[in-house]
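What follows is a single structure, written as structure tokens, with notes after it.
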Amino acid sequence: MSMKLEDALAFTAGCFNGEPASCSYACPFHLDIRAFLEKAGKGKWTSAYKALESAVAFPLTVSLLCDAPCERYCQRLQLGDEPIAMTMIETAVIRYTGSKRARRYVIPPKEGRVAVVGAGAAGLSCALWLARKRISVTVFEREPGYGGTLRRHPRFTEIAEDIRLQFEAADAGFCFDREIKALGELEDYDAVYIATGAGGEHFGLLDGWDGDAFASGVDGVFLGGELTGVSAIGGMARGGEAARNIEAFLQVGRVAPLHGGYDKNGCERYVSHDGAARARRVAPSSPEGYTEDEARREAGRCLQCDCDRCMTSCEMLRAFRKRPHKIATEVYTDQNANPPYSSHTLTREAYSCNMCGYCKSVCPEGVDIGALLRLSRAERMNAGTEPAALHDFWLREMDFNSGEAALCAPPVGARTCEYVFFPGCQLGASNPEHVRGAYGMLRSGGADAGIYLGCCGAPAWWAGDDRRFMANMAAIRGNWEDLGKPVFVFACATCAGIFEAFAPDIAGVSLYEMLNDREIAGSAGAITRAAVFDPCSARARDGMRDAVRGLLGRSGVQTVELRETGRCCGYGGQMRVANPKLFDEIVTSRASMSDEPYIVYCANCREVFVSSGKRCAHALDVALGLEPQERVPSIGDKRKNTLALKGEFMASNLRVKPERAERAWDGLTLVIDGGLREDMDRRLISEDDIREAIFHAEESGDVFVDGEGTRMCSMVKPVLTYWARYRRVSRDAYEVLDAYYHRMRFESGTRDF
Amino acid sequence: MADMAGSYWRCARCDEALTARKTVFTYLGHSFTHETLRCPKCGRVLIPPELARGKMAEVEEQLEDK
């Protein structure tokens, strides 16, 4: 069963990015005040005026009448500042806008005729909105001109000019000096809007009035404005809504309440402005109001309240510039894209995520974009439309670590144990001394501990390969039961997190806490002062974080705290193949968080930093008194390290001689120079794959030759096709000149020639 | 790489000089043709490194985003 749109949207349900700000909820016209002030802040008077005009219909009138309820909801108040001086900015915008000519849109006239009774604030507003939509409208007014109660306003001349200006671009008929005494006089009209003012004529319809739909008990007759008890500004503000209800009635012939476009009555979630600079309200230098510069500065005080924490905090979200709700929608559409006729718009982003949970940690509502993007990967994997090359390397490594290289062994002579040390797939691969030493320490401290070399399944989880992940977890569970359900001792916070989430009944403890509890003191070695770089997966693991600091302090390392912790080094989510440029950007950014060398306690963090040239040690280097390695072993050497450890533990714990099925190509010697080896490691090409390719090619004779001794061969693996350019050095020894791969497949053979 | 461009690559099995011929490529459900060096007898294809790292990688990335 494939995903529904709601499944994806559920991930971002808490996100309030893009929602109106509290001021806009308070505004009777629901003006987008943020956008208005942004324009005004840039001195774009015309564009600010247009925004005002399209929300309030009569900009000048509203600026004179409105008592600015928005100011009471301005989030400047959170900081103890005065709210933005909205009315004065409106006045300035109107004053500094050159041409206030209303726009006339070329749209076809609509069917239906509407009579508006009363040319006061509410009637005029409704009439204008109807006329803008090209609905034929006639306004009846018993007075000799429009305005209603507005006529008593001291600045009515300006108001009248504002009204005239707006009706210049919208065709409405006005019948002045014409009092409607009975509804029968309006029989020719399809709908009637009665806005006769406070205490005005309501033709006996006020009692059955439905305030939501403006409808009366008589079909097609609507009531609004001061007649219904609202203020002049209130009647004006709801004019657009009344017009929409009337339009809907004209279309479908019945009343159906249409709301103002907001699905909530008020602002429910506020962005916190902690740390924002306070700013005093700009005082006008003249009684006339703001100068252009003053208005710009005052509008510039707007905090532009909208939550974009995740988008500004995470490099990936910043790079792709998509809003959370949009990402959720695309997770759905991306999965439902059918090549070659539609586009996967999200693929690169989904596979570029570190899945480190940082977005969730900064989000006031705890929205986890990483989890959403993992869902995208899982859905694509399920549907068989995943770009397999992006995770092939790690899934193959996981298969190796969970298969050929895996070992689960109790302490020597025992069948079960109280603890089992689970170093994680990379610790021993990266530096086998860490596993040997840590296990030795556990044992010498008296822990009844077995050893479990294997993979927690994180690569499958990150790739969205849930089937592989669950199978791996089931195998782990079986081994755990065989060992008498020991407590897992984790050296890797990612493993610990995976177990907590998917095998909560398997008890776990971090190696660092065990070592710290025993008050182990190592030695600082060359790094005596360092910044602790906590892995992202230890963000919420205070016990682990504190234990590492305790261990380091006791060992004589002066630790420095980074201004921000819990950031991913770049390795998380295994996005490096999908987005090498972003990976480099993240690594560089993390490596430069401090000039101090780093001490990490994740083998992947260590590898990432050492590869980038950052001085870095693993906490176990300190605990075990080892000098930190300055290089990362090659992919091939990592596999060798892992297998060597397995052999050692088989001998020591199981008392069996390690037997390894020799593969035919194991005996082949490859000569690879340093530059090429680095390139291969960077591109994640293992020496073993190249060895296998050359072996098969030389055995079968499927080789290309250039007459000068250079040879070329290829090997097709399930996802990638590997190539080697090489030279024979001696029997069973080859010098590799180049190694590369491609993801495409080609049709070989004589067909399609 | 100058040494990759020439047609003096031979198929060791057929002992034939490779020639540029049409090859059908497929990736993520898309398929297209491009001329590559092939053995005229057995049809085996040679993909030089600059093609794999250049144009092919570029097209692969475009198709992943498609």
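A note on names: the letters A, B, ... follow the listed sequences, proteins ahead of strands, and every chain is numbered from 1.
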- Query: Is A:K322 atom NZ crowded by more than 12 heavy atoms from other residues, nucleotides or ligands, each under 6.0 Å away?
  - Reply: yes
- To the nearest 0.5 Å, tell me how far A:R743 CZ sits from B:E60 CD. 5.5 Å
- Message: Donor-acceptor check, side chain of A:R348 to backbone of B:E61, threshold 3.5 angstrom: yes or no?
- Response: yes
- Under 4.5 Å from a heavy atom of chain B, the part of A:Y741 involved: backbone
- Task: Measure A:L390 against the heavy atoms of chain B and call it side chain, backbone, both or neither at under 4.5 Å.
- Result: side chain
- Quick one: pull up OG1 in A:T347 and CG in B:L63 and give me the separation to the nearest 0.5 Å. 11.0 Å
- Message: Show, in sequence, the C-alpha distance, side-chain angles and deciding distance for A:M744 and B:T26, and conclude whether the side chain to side chain contact (heavy atoms under 4.5 Å, CB included) test is met.
- Response: CA-CA 6 Å; A:M744 286 179 196; B:T26 54; over 6 Å; no
- Query: What closest approach, in Å, do A:T710 and B:W9 show between heavy atoms, and which atom pair accounts for it?
  - Reply: O-CZ3, 3.6 Å
- Smallest separation among heavy atoms of A:E747 and B:T23, with atom names: O-CG2, 4.1 Å
- CZ on A:R745 to CG on B:L28, rounded to 0.5 Å: 11.0 Å
- Query: What do you reckon, is CZ of A:R318 surrounded by more than 12 foreign heavy atoms closer than 6.0 Å?
  - Reply: yes
- How many angstroms lie between CG in A:D679 and CZ in B:R53, if you round to the nearest 0.5 Å? 5.5 Å
- Item | Contacting moiety of A:E349, where chain B heavy atoms sit under 4.5 Å | neither
- Item | Note, B:R13 side chain near A:S700 side chain (heavy atom, < 4.5 Å) | yes
- Task: Please report the closest heavy-atom contact between A:G701 and B:A12, naming both atoms and the distance.
- Result: O-CB, 4.1 Å
- Task: Identify the two heavy atoms, one from B:P48 and one from A:Y740, that lie closest to each other, and give their separation to 0.1 Å.
- Result: C-OH, 3.5 Å
- In Å, rounded to the nearest 0.5 Å, how long is the span from CZ of B:R10 to CZ of A:R711? 13.5 Å
- Query: Taking atom CD1 of B:I47 and atom CZ of A:F746, what is their separation to the nearest 0.5 Å?
  - Reply: 5.0 Å
- Item | Structural part of A:A578 lying under 4.5 Å from a heavy atom of chain B | neither
